[in-house]
2 protein chains.
Amino acid sequence: MARDAEATRERILTAATVEFAAHGFAGGRVDRIASEAQSNVRMIYAYYGGKSGLFDATLAEALRRMAENVPPRPDNLAGWAGDVFDHHQRFPEVLRLSMWAQLERPTATAEPHDIYRSKTLAVATAAAQPLSAVDVLVFIYAIAQAWQLSPEGLTGLEQNPVRAEEVAARRHSVVTAVERMLHART
Amino acid sequence: MARDAEATRERILTAATVEFAAHGFAGGRVDRIASEAQSNVRMIYAYYGGKSGLFDATLAEALRRMAENVPPRPDNLAGWAGDVFDHHQRFPEVLRLSMWAQLERPTATAEPHDIYRSKTLAVATAAAQPLSAVDVLVFIYAIAQAWQLSPEGLTGLEQNPVRAEEVAARRHSVVTAVERMLHART
DNA sequence: TACAAGTAAGTATTCATTTACTTATCAGAA
DNA sequence: TTCTGATAAGTAAATGAATACTTACTTGTA
């Protein structure tokens, strides 16, 4: 086994992402992460200081990647909502990690999200008159994530995984809903 | 101490609601629930069959109460969204329990939500043309819960607890957003 | 007095964290 | 080029604190 600190760090982070997304902080097992990463528990403590540090690093990295891959689109907020939907569809761990973090370690959540916020908030200022920029930002996120966040009981008794055309239809409904919210003439 | 099985059951359920809302299923402690309920661990096993059974009962009860207290308003879906917002504001445990359940015990979540769904779905059929009834239902929930679900980093660096007028403003934004989504003439 | 309701004290396991140890890598002296 | 030893990288096993669940028992009530 070649000795490469950076590579080991990364394997641990990847394994942690899977583990924590699946079981959360309290339910996530350090041993599983170590063996899945083909490494050792000790290394988690060496590189990340412990379970908490590893979890925080995992969340921060997931959000960083999202901010990088789904940049805000000032000219087309509805389209951007669609992009967010797609990103969560491709990487379901991100949303699960965020939810776990918000429930289990709310303080760890504030900071990385704030970075994303500053990137996107400016973008929403020009939007839908009676709604403020923050309103718009909060609702766009909510709508973009609505399908993935909805308990299955709400969306209907459905086959898993959801069929591709159904996913496309959902994406379309997201874009439509945001469009209507933003450009309504009542 | 009077011996009243029904009362003990209830005290346990109340304590469990607080405990599980705060720490989730994996993080929730059976001992804490027992002592908080002024009862004994053994009783949890007698009445609810174990930790899992207790958690499921807790969730089901919370959702039942919500369905009871916030009945769908066919004539005014936006107003209904406001009611849902209010309910989550008054009883934050409900939303937290739902989130925990969805992450930790997804199968337990499906059934109780489905009951709520059947109650509300019919109501949304007449709604906003390009969007289907299920679409509307999913988005109304998402918007109604958006503020409580948003990580603090997104809503802004804010004082805790949120000031009353700020809450009122948020409620108003929820109603407005749903109205616009439903009644848009684009 | 019979049974439901309640209690207290285990038991066996699981899990995060630490300790004490082994091995690869590589800079620089011979 | 070849040794060598200092240090970074990695390992295995122990520790000790929790924790869900059970057993064996006591007490109130109808």
Problem - Phosphate contact (D/dG10 OP1 or OP2) by A/Ser39 side-chain N/O below 4.0 Å - result: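 So the side chain of A/Ser39 is outside the cut-off, no N or O lying under 4.0 Å from OP1 or OP2 of D/dG10.
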
Practice task
Using only side-chain N and O atoms of B/Thr8, determine if any of them is under 4.0 Å from OP1 or OP2 of C/dA5.
Solution key: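 No, B/Thr8 has no side-chain N/O under 4.0 Å of OP1/OP2 on C/dA5.
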
Over how many whole Å does the gap from [X] atom [atom1] to [N] atom [atom2] extend?
{"X": "B/Asp4", "N": "D/dT27", "atom1": "CG", "atom2": "P", "result": "21 Å"}
{"X": "A/Phe55", "N": "C/dA16", "atom1": "CZ", "atom2": "P", "result": "14 Å"}
{"X": "B/Asn40", "N": "D/dT23", "atom1": "CG", "atom2": "P", "result": "15 Å"}
{"X": "A/Arg11", "N": "D/dA9", "atom1": "CZ", "atom2": "C1'", "result": "11 Å"}
{"X": "B/Gln38", "N": "C/dA5", "atom1": "CD", "atom2": "P", "result": "19 Å"}
{"X": "B/Met43", "N": "C/dA5", "atom1": "CE", "atom2": "P", "result": "8 Å"}
{"X": "A/Ile44", "N": "D/dT11", "atom1": "CD1", "atom2": "C1'", "result": "14 Å"}
{"X": "A/Tyr45", "N": "C/dA20", "atom1": "OH", "atom2": "P", "result": "17 Å"}

Could you go through nucleotides 17-19 of chain D and list every protein N or O atom that sits under 3.5 Å from one of its N or O atoms, giving the distance for each pair?
unit_1, atom_1, unit_2, atom_2, d
D/dT19, OP2, B/Arg29, NE, 2.4
D/dT19, O5', B/Arg29, NE, 3.1

Exercise for the section: Check whether any side-chain heavy atom of B/Val174 lies under 4.5 Å from a side-chain heavy atom of A/Phe139, and answer yes or no. Expected result: yes

Exercise for the section: Flag the pair B/His88 / B/Met66 as yes when at least one side-chain heavy-atom distance between them is below 4.5 Å, and no otherwise. Expected result: yes

Just jot down the salt bridge (charged side-chain N to carboxylate O under 4.0 Å, His left out) partners of [X], sequence neighbours excluded, or say none.
{"X": "A/Glu165", "value": "A/Arg163"}
{"X": "A/Arg73", "value": "A/Asp83"}
{"X": "A/Asp86", "value": "A/Arg171"}

Practice task
Could you pull out all residues at least two apart from B/Asp56 that satisfy side-chain hydrogen bond (donor to acceptor under 3.5 Å, both in side chains)?
Solution key: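 B/Arg105.
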
Handout entry: Base D/dT22 paired with B/Arg42 side chain (donor-acceptor, <3.5 Å)
Key = no

Exercise for the section: List for me each residue that meets ring-ring contact (aromatic ring centres under 6.0 Å, His included) alongside A/His23, sequence neighbours excluded, and say none if there are none. Expected result: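 With neighbours one apart ignored, the set is empty.
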
